[in-house]
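I have placed the structure first, in the form of structure tokens, so that the comments after it can refer back to it.
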Amino acid sequence: MAGRSFRSTVQRLPRPAARLVTVLVWLVVAVLALGLAAGRAEPRRAHAHGVLPMAQQSALAAASGGGRAALLAEAHRELAAMRDTQYQHETEVNAAEGEFYYDCSGFLDYALKRAAPAAFRALPVTATSGRPLAQDFEHHLRRAGGGDPWRSVATVSALLPGDVIAWLATPDSKTRDTGHVMIVLGAPVHNPHRADEWLVKVIDSTVSPHAQDSRGADDEGLGTGTVGLVADGSGHPVGFYWRGGVSKVAKRTDVALGRLG
């Protein structure tokens, strides 16, 4: 009935006015249809671009510090955009294609240059590579303070999401790496089965996965996993378990913890 009434009303109008009313009606219908389609497509588009799981969103929200939050957000951006990754000493990133090829320090260097360039520039460069390596992070974080963009974190239990862990290679290391460096993803949890161990979820690039790792046993490159930090009686870090809660033997070495302001 409403349709017939509408048509009869339009027919009674002068021909130009009738045409205009018809065009306007179809425009309204088209706009409404496009709006409904966009509403239905939005969740799929967001998922395709890598919406973070709720646990990761909570970790990101927990990093309330400016530089710390920016670094953690950049790490999440790379994880979400990643389609292919590989551990290698030469950094090659094609973000548009989701390709992230770098080692542990290459990952931190790349993330810092995007999220906190002043903090990147504050790091020393002691190797011919021309960029900060894991040993540079460890040496600098151990002494950071004052007007530096970095400051040291004294104890393992004080670590927060977005902080940085760096340790030196152990004497029995079979790689040419100077050590390892990573970003803290979640607050440390004390391991009730080992009095000296704190379990820490991290984001890093590695050739050997950690415990509870997002990478498969034969995969390498960017991902997340759990390391174990060994703390002395005062809570200061003195070594690590590569696979937190799983590795049988702790590796004793110099470990430094740092935070961006």
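Because the structure is predicted, anything quoted here is derived from the model rather than measured. One-based numbering along the sequence shown.
In this structure a side-chain-to-backbone donor-acceptor pair under 3.5 Å is missing from Ser205 to Cys104. At least one donor-acceptor pair under 3.5 Å links the side chain of Asp163 to the backbone N or O of Leu160. Under the 3.5 Å distance criterion, the side-chain polar atoms of Thr253 are left unmatched by any main-chain donor or acceptor of Thr170. A donor-acceptor contact shorter than 3.5 Å links the side chain of Trp242 to the backbone of Pro209. Put simply, the side chain of Trp150 gets close to the backbone of Ala119: a donor and an acceptor are under 3.5 Å apart. The closest donor-acceptor contact from the side chain of Asp232 to the backbone of Ser234 lies under 3.5 Å.
Under the side chain to side chain contact (heavy atoms under 4.5 Å, CB included) test applied with Trp167, the options Asp254, Leu229, Val181, Thr178 reduce to a single match, Leu229. Considering Val189, Thr224, Val227 as possible partners of Lys201, the one that fulfils the side chain to side chain contact (heavy atoms under 4.5 Å, CB included) test is Thr224.
Relative to the six-membered ring of Tyr241, Arg194 meets both conditions, a distance below 6.0 Å and an angle of at most 45° to the axis.
Scanning both residues, Asp109 and Pro132, for their nearest heavy atoms gives OD2-O, 2.9 Å. Contact detail for Pro161 and Gly186: the closest heavy-atom pair is CG-CA, 4.2 Å. Between Leu159 and Pro188, the shortest heavy-atom distance links the atoms O-CD, 3.4 Å. Heavy-atom minimum distance, Val255 versus Val238: CG2-C, 4.2 Å.
Asp103 and Arg131 are joined by a salt bridge, as a carboxylate oxygen and a charged side-chain nitrogen come within less than 4.0 angstrom of each other. Salt bridge annotation for Arg215-Asp204: present, with a cationic side-chain nitrogen under 4.0 angstrom from a carboxylate oxygen. Of the charged side-chain nitrogens involved, none lies within less than 4.0 Å of a carboxylate oxygen, so that Asp213 and Arg243 do not count as a salt-bridged pair.
Looking only at atom types and distance, the side chain of Gln88 has a donor-acceptor partner in the side chain of Gln86 under 3.5 Å away. Remark: the Asp84 side chain and the Tyr101 side chain contain an N/O donor-acceptor pair separated by less than 3.5 Å.
A heavy-atom distance below 4.5 Å is not found between the side chains of Glu197 and Phe240. Thr226 has its side chain out of reach of Val202: every pair of non-hydrogen atoms, C-beta onward, lies at least 4.5 Å apart.
The environment of Asp218 atom CG is sparse: at most 12 non-hydrogen atoms of other residues, nucleotides or ligands sit within 6.0 angstrom. Within a 6.0 Å radius of CD in Gln212, other residues, nucleotides and ligands contribute 12 heavy atoms or fewer.
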Between Gln135 and Thr126, does the side chain to side chain donor-acceptor pair (under 3.5 Å) criterion hold? Intermediate values first, please.
CA-CA 9 Å; Gln135 66 181 7; Thr126 58; 3.0 Å; yes
